[in-house]
Number of protein chains: 2
Amino acid sequence: MKVYLAGPDVFLPDAKRIGQLKQDICRQHGLEGLFPVDGSPPGDVGEPLSRRIFRANTALMDQADVIIANLTPFRGPSADAGTVYELGYMLGKGDRLCLGYSNSPRSYIDKVRDRMKIHADGSTFRDPDKLEVENFDLPDNLMIVHGLELAGHPLVVPTEAVADPLHDLSAFEACVRIAAQHTRG
Amino acid sequence: MKVYLAGPDVFLPDAKRIGQLKQDICRQHGLEGLFPVDGSPPGDVGEPLSRRIFRANTALMDQADVIIANLTPFRGPSADAGTVYELGYMLGKGDRLCLGYSNSPRSYIDKVRDRMKIHADGSTFRDPDKLEVENFDLPDNLMIVHGLELAGHPLVVPTEAVADPLHDLSAFEACVRIAAQHTRG
């Protein structure tokens, strides 16, 4: 079973090392991990690099049976936009096993509050631009959280606080275990 | 033809008014606009509100022929996570017309730079957490931008700078015109 390893891990300084660790964990559970492309994707070198990366990642998703999305907050209160796109894409296909984890399970509104002032407007909370802040005691936008849940497997969070949310792989490994059970099932 | 009106418009103080304006524009072009649910979705009231909203929005997407996603930056340099999820979901289905617009077409790296210090690390740019900042002269994550482009219709941006990016509907109307051409085509 092929697992697409979606996440902002590709943006880490040690992306290559993390990709290899994730692939090792997959292999230990009898799965093949596909790590997103950066650097030098295949394709016509006359085509813009960003488009070649898109094509390569989409080809990896199209051949994958599973996505494990790292939804740990990225440069803000929400998950990385590219990863959210990829999770939606795999859920939209309707026949893939969709799993996700976040190493920062606090509620979305608390993570917004870390970054800006929010104020009450009746029973609604709003940011300085008067945009409503979702207040459902969920770790991210409700579409992401319930998309995973209703596809069969709720967002996985670490069982205890982690020291390094950008690198910790305990919740990732829990997702791999769920995927491996599907292979055997 | 039914058009799902994805976007953070639902979080505006005048969400209802914007939703009606968008539906009016759709109607003028012979289309039916489906505005995402907030407030009081149908469903079992014993079920959490957030999950009822998810179910209602997913049902609207499943019946829509088209998505027009408002990808204007939301509370950060990227589009709203819920909207990105929905765009990915509709693209993943493979048979829907997928359109999107952004009222803030500046490059992603410039929008990150507005919010935090970034530094050069060889030919790569990194934020204070050492996370790479995409530098492709694209307005958002490459998966979103090329996902739209390679599905047939590049991200629509306003022809001139807009005074109120959260409310301006000129790029939205350009998307509606593209959708209307498909009906006739």
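All chains are named by letter (A, B, ...) in the order of the sequence lines, taking the proteins before the strands, and each is independently numbered beginning at 1. From a predicted model like this one, the values you see are computed outputs, not experimental measurements.
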Given the options A:Val133, A:Thr58, A:Leu166, which has more heavy-atom pairs under 4.5 Å with chain B than any of the others?
A:Val133
Which bit of B:Asp121 comes within less than 4.5 Å of chain A, counting heavy atoms only: side chain, backbone, both or neither?
neither
Whether B:Lys22 engages the ring of B:Phe35 as a cation-pi pair (distance to the six-membered ring centre under 6.0 angstrom, angle to the ring normal within 45°) should be assessed.
no
Would you mind checking which part of B:Met61 comes under 4.5 Å of any heavy atom in chain A, side chain (CB onward), backbone (N, CA, C, O), both or neither?
side chain
Among residues 65-87 of chain A, those lying within the under-4.5 Å heavy-atom range of chain B are A:Phe74, A:Arg75, A:Ser78, A:Asp80, A:Ala81, A:Gly82, A:Val84, A:Tyr85, A:Glu86
Side chains of B:Leu31 and B:Arg27, heavy atoms from C-beta outward: is any pair under 4.5 Å?
no
Could you tell me which non-hydrogen atom of A:Val10 sits nearest to which non-hydrogen atom of B:Glu132, and how far apart they are?
O-OE1, 4.2 Å
Would you say A:Asp137 has more than 12 foreign heavy atoms packed within less than 6.0 Å of its CG?
no
Would you say B:Leu150 and A:Arg51 make side-chain contact, with heavy atoms under 4.5 Å?
yes
Residue by residue, scan residues 97-120 of chain A and write down, ordered by number, those that have a heavy-atom distance under 4.5 Å to chain B; if none do, write 'none'.
A:Tyr108, A:Val112, A:Met116
Is A:Glu134 reaching over with its side chain to a backbone N or O of A:Leu142, donor-acceptor style, under 3.5 angstrom?
yes
Following the transitive rule for hydrophobic clusters with a side-chain heavy-atom cut-off under 4.5 Å over Ile, Leu, Val, Met, Phe, Trp and Tyr, establish whether B:Val145 and A:Leu49 coincide in one cluster.
yes
Any sub-3.5 Å donor-acceptor pair from B:Asp129's side-chain atoms to B:Leu131's backbone N or O?
no
Among the listed options B:Pro8, B:Pro13, B:Gly94, the residue most often paired with chain A at heavy-atom distances under 4.5 Å:
B:Pro13
Would B:Met143 and A:Asn57 satisfy side-chain contact (heavy atoms from CB on, under 4.5 Å), going step by step from the backbone distance to the final call?
CA-CA 9 Å; B:Met143 296 305 293; A:Asn57 289 347; 3.9 Å; yes
With a 4.5 angstrom heavy-atom cut-off, is it the side chain or the backbone of B:Phe54 that approaches chain A, or both, or neither?
both
Sidechain-backbone polar pair: A:Gln23 side chain, A:Gly33 backbone, donor-acceptor under 3.5 Å
yes
Counting only non-hydrogen atoms closer than 4.5 Å, does B:Arg126 touch chain A with its backbone (N, CA, C, O), its side chain (CB onward), both, or neither?
side chain
Group every Ile, Leu, Val, Met, Phe, Trp and Tyr by side-chain heavy-atom contacts under 4.5 Å, then state whether A:Ile25 and A:Ile178 land in the same group.
yes
Per-residue contact mode, A:Arg96 against chain B (heavy atom under 4.5 angstrom):
neither
Here the salt bridge (charged side-chain N to carboxylate O under 4.0 Å, His left out) pairs for residues 10-20 of chain B, sequence neighbours left out, are B:Asp14-B:Arg17
Holding to side chain to side chain donor-acceptor pair (under 3.5 Å), I want the full list of residues that pass it with A:Ser50, two or more places apart in sequence or in another chain.
B:His146
